[in-house]
Amino acid sequence: MKSRKWIQILLACMLALTLCSCNRTKEQQPDAADFAQKDIYAMDTVMTVTAYGERAEEAVKAAEKEINRLDNLLSTGKKDSEISALNDAKKGALSKDCVNLIAKSLKIFHDTDGAFDITVYPLMEAWGFPAKNYQVPEKKTIENLLKNVDASKIHLNEKNASVTLPKNAEIDLGGIAKGYTSDKIMEIFRSYGVEAGMVSLGGNVQTYRTKPDGSLWKVGIENPDQGKDYLGILTIRDQAVVTSGGYERYFEKDGKRYHHIIDPKTGYPAETGLKSVTVVSEDGTLADGLSTALFVMGKAKALDYWNRHSGEFDVILEETDGTITVTGGIAESFTSEYDFDVIETERKIAENE
Ligand code: AMP
Ligand code: MG
């Protein structure tokens with residue numbers, strides 16, 4: 001599974017850079033001094049930060065510092081993180097980042113009818129994902145743990161930056177923290193006057209402005225089928241592209257595959273006929289939270305949700321039978337060697353009739 005992470009880097013980052021750099025003319029090639037790039041291992045994945053501009057080096061350094069700061073704050077895998085301390089004590093005063101992220105997670109929880117629920121952590125532990133000691137829990141264990149899975153019971157007081165969790169509840173920001181981190185890196189790029197930039201955090205990519213030659217970034221969407229080429233290529237600027245799928249992290253037991261995206265209603269890995277969900281949005285945090293949520297919701301609910309929120313994001317769905325569906329807002333930006341269906345909002349269909 002580790003090699004999958006490296007494949008993600010190749011796809012998400014190298015493709016965006018390598019394909020794009022092929023198109024760059026010699027005259028437009030930025031000076032070496034104007035380019036900086038760094039690989040960083042954090043949040044259980046390999047991340048790559050790339051920046052162009054006079055202060056590219058400083059910006060990449062600041063981004064690395066920020067990634068490590070957020071990892072130390074948000075990761076359940078770090079014993080001393082703020083989130084781990086909250087899970088132990090069940091209450092506490094939190095940093096602005098944790099408050100922001102919990103608030104956003106709760107909003108997505110409500111909007112997605114509970115498909116995105118950060119209180120899944122006890123289930124993640126029961127399945128052995130955090131410690132990589134994978135096991136299929138007893139049905140009874142899951143039933144018991146489900147009693148503590150309900151984000152509506154989190155008390156967040158944004159004014160005095162404090163959170164209280166119910167007894168036995170624990171939270172996990174793994175489904176949204178990388179998107180928040182890439183949003184923060186865009187802020188750093190802005191403050192350092194970066195000309196062009198990109199960050200790849202595992203399966204998440206976020207682009208800043210256009211490439212130095214003014215052309216758009218090309219981001220390869222990983223194909224969940226191992227050994228196959230990309231699902232397609234998105235040509236974008238100023239957007240985050242976040243993919244979730246059961247193929248990213250899983251184990252097999254008695255010939256059955258169990259993956260890491262849990263349906264908070266059943267306590268089992270979500271099986272909704274989707275292989276992968278890619279969300280495209282200017283808001284990296286939203287894109288990350290939604291990619292996880294829409295995977296849990298399945299195609300029909302995911303597209304219904306998009307129909308009601310089409311101004312906020314677009315989506316590429318791949319089903320287990322290989323069917324690919326792309327929403328209208330990115331139909332023109334997506335190319336693929338595979339056939340794909342394009343879906344429009346009900347409003348747009350009505351307008352065209
Ligand atoms: P992602 O790769 O962004 O889809 O996030 C998957 C991670 O989110 C998992 O490894 C868990 O840490 C966490 N997670 C799993 N299921 C859910 C869920 N239903 N809602 C929120 N977070 C989840
Ligand atoms: Mg996510």
Side-chain angles (χ1 to χ4, degrees), residues 1 4-5 8 12 43-45 47 71 74-78 81 83-84 87 101-102 104-132 134 142 145-146 148-152 154 169-183 200-206 222 224 240-251 258-272 274-281 283-298 301-302 313 315 317:
M1 268 179 286
R4 303 288 298 159
K5 285 287 165 204
Q8 283 180 334
M43 298 185 184
D44 209 18
T45 191
M47 309 187 167
D71 193 11
L74 306 173
S75 295
T76 45
K78 304 240 171 193
S81 73
I83 297 302
S84 294
N87 283 339
L101 208 38
I102 292 173
K104 188 98 175 204
S105 299
L106 293 181
K107 180 167 185 338
I108 299 174
F109 167 80
H110 289 294
D111 289 352
T112 62
D113 198 19
F116 187 79
D117 190 330
I118 54 174
T119 62
V120 293
Y121 195 57
L123 286 165
M124 297 303 295
E125 285 182 308
W127 285 95
F129 283 104
K132 298 185 174 69
Y134 308 113
I142 290 185
L145 291 175
L146 273 175
N148 305 315
V149 176
D150 182 356
S152 70
I154 297 175
E170 285 180 313
I171 63 168
D172 171 12
L173 300 175
I176 195 165
K178 283 189 279 185
Y180 182 75
T181 305
S182 60
D183 272 339
S200 159
L201 318 174
N204 299 30
V205 170
Q206 194 155 351
E222 187 176 2
V241 180
V242 181
T243 301
S244 283
Y247 67 94
E248 289 178 310
R249 187 168 288 183
Y250 61 86
F251 67 94
Y258 299 94
H259 64 72
H260 70 135
I261 303 177
I262 303 294
D263 183 339
K265 297 205 165 60
T266 65
Y268 286 83
E271 298 289 350
T272 52
L274 290 176
K275 236 191 253 181
S276 77
V277 173
T278 298
V279 174
V280 184
S281 173
D283 181 338
T285 315
L286 179 77
D288 197 357
L290 281 185
S291 67
T292 311
L294 300 185
F295 185 87
V296 172
M297 289 156 86
K301 283 188 184 163
F313 73 98
V315 64
L317 303 176

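Indexing begins at 1, ligand by ligand and atom by atom, following the structure's order. The analysis underlying the following values was restricted to heavy atoms, covering all of them including side chains, and did not include hydrogens, waters or symmetry mates. None of the values given here were measured: they were computed from a predicted structure.
Those atoms of ligand 1 with a heavy atom of Asp288 less than 4.0 angstrom away are 3 (O). Within ligand 1, the atoms closer than 4.0 Å to a non-hydrogen atom of Ile261 are 4 (O), 15 (C), 16 (N), numbered from 1 in the order shown. Near Pro264, meaning under 4.0 Å from any of its heavy atoms, are these atoms of ligand 1: 19 (N). For ligand 1, the atoms sitting less than 4.0 Å from at least one non-hydrogen atom of Gly174 are 5 (O), 7 (C), 8 (O), 12 (O), numbered in the order shown with element in parentheses.
Between Tyr250 and Tyr258, the distance separating the two ring centers is not shorter than 6.0 angstrom.
The nearest pair of heavy atoms linking Leu146 to Lys265 is CD1-O, 3.9 Å.
Heavy-atom proximity to atom 2 (O) of ligand 1, evaluated over Lys265, Met124, Glu248, is greatest for Glu248.
For atom 12 (O) of ligand 1, the closest non-hydrogen atom on the protein side is Asp172 OD2, 2.5 Å. Counting protein heavy atoms only, atom 1 (P) of ligand 1 is closest to Thr292 OG1, 3.3 Å. Regarding atom 20 (N) of ligand 1, its nearest protein heavy-atom neighbour is Asp117 N, 2.9 Å. If you check which protein heavy atom lies closest to atom 5 (O) of ligand 1, you get Gly175 CA, 3.3 Å. In terms of protein heavy-atom proximity, atom 22 (N) of ligand 1 is nearest to Phe116 CE1, 3.9 Å. Scanning the protein for heavy atoms near atom 15 (C) of ligand 1, the closest one is His260 O, 3.3 Å. The protein atom (non-hydrogen) at minimum distance from atom 4 (O) of ligand 1 is Ser244 OG, 2.5 Å. The nearest heavy-atom contact from the protein to atom 14 (N) of ligand 1 is Val120 CG2, 3.9 Å.
No heavy atom of Phe129 sits closer than 4.0 Å to any atom of ligand 1. At least one heavy atom of Ala115 lies less than 4.0 angstrom from ligand 1.
Distance check, rounded to the nearest 0.5 Å: CD1 of Ile108 to OG1 of Thr292 gives 8.5 Å. Atom OG of Ser244 sits about 6.5 Å away from atom CG of Asp288, to the nearest 0.5 Å. Atoms CG and NZ, from Leu74 and Lys178 in turn, are 12.5 Å apart once rounded to the nearest 0.5 Å.
Looking at Ser182 and Asn204, their side chains never bring a donor and an acceptor atom within 3.5 Å of each other.
Contacts classified as side-chain hydrogen bond (donor to acceptor under 3.5 Å, both in side chains) and involving residues 114-131 (residues at least two apart or in different chains) are given here: Asp117-Thr119.
Salt bridge annotation for Arg249-Asp44: present, with a cationic side-chain nitrogen under 4.0 angstrom from a carboxylate oxygen. Checked for salt-bridge contact, Lys104 and Asp283 meet the test: a charged N lies under 4.0 Å from a carboxylate O.
Considering both main-chain and side-chain atoms, Asp263 never comes within under 3.5 Å of ligand 1 through any nitrogen or oxygen pair.
Under the side chain to side chain contact (heavy atoms under 4.5 Å, CB included) test applied with Ser281, the options Val315, Leu290, Leu286 reduce to a single match, Leu286.
Residues that satisfy the side chain to side chain donor-acceptor pair (under 3.5 Å) test with Lys107, not counting sequence neighbours, are Asp111. Applying the ring pair (Phe, Tyr, Trp, His ring centres under 6.0 Å) test to Phe295 and every residue at least two apart in sequence or in another chain returns His259.
Shown here are the protein N/O/S atoms lying under 2.8 Å from the Mg ion (ligand 2), water excluded: Gly175 O, Asp288 O, Asp288 OD1, Thr292 OG1.
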Practice item. Take Val277 and Thr243, measure what side-chain contact (heavy atoms from CB on, under 4.5 Å) needs, and give me the verdict at the end. Key: CA-CA 5 Å; Val277 173; Thr243 301; over 6 Å; no
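Counting heavy atoms from C-beta outward, Ser276 and Glu222 have side chains that stay 4.5 Å or more apart.
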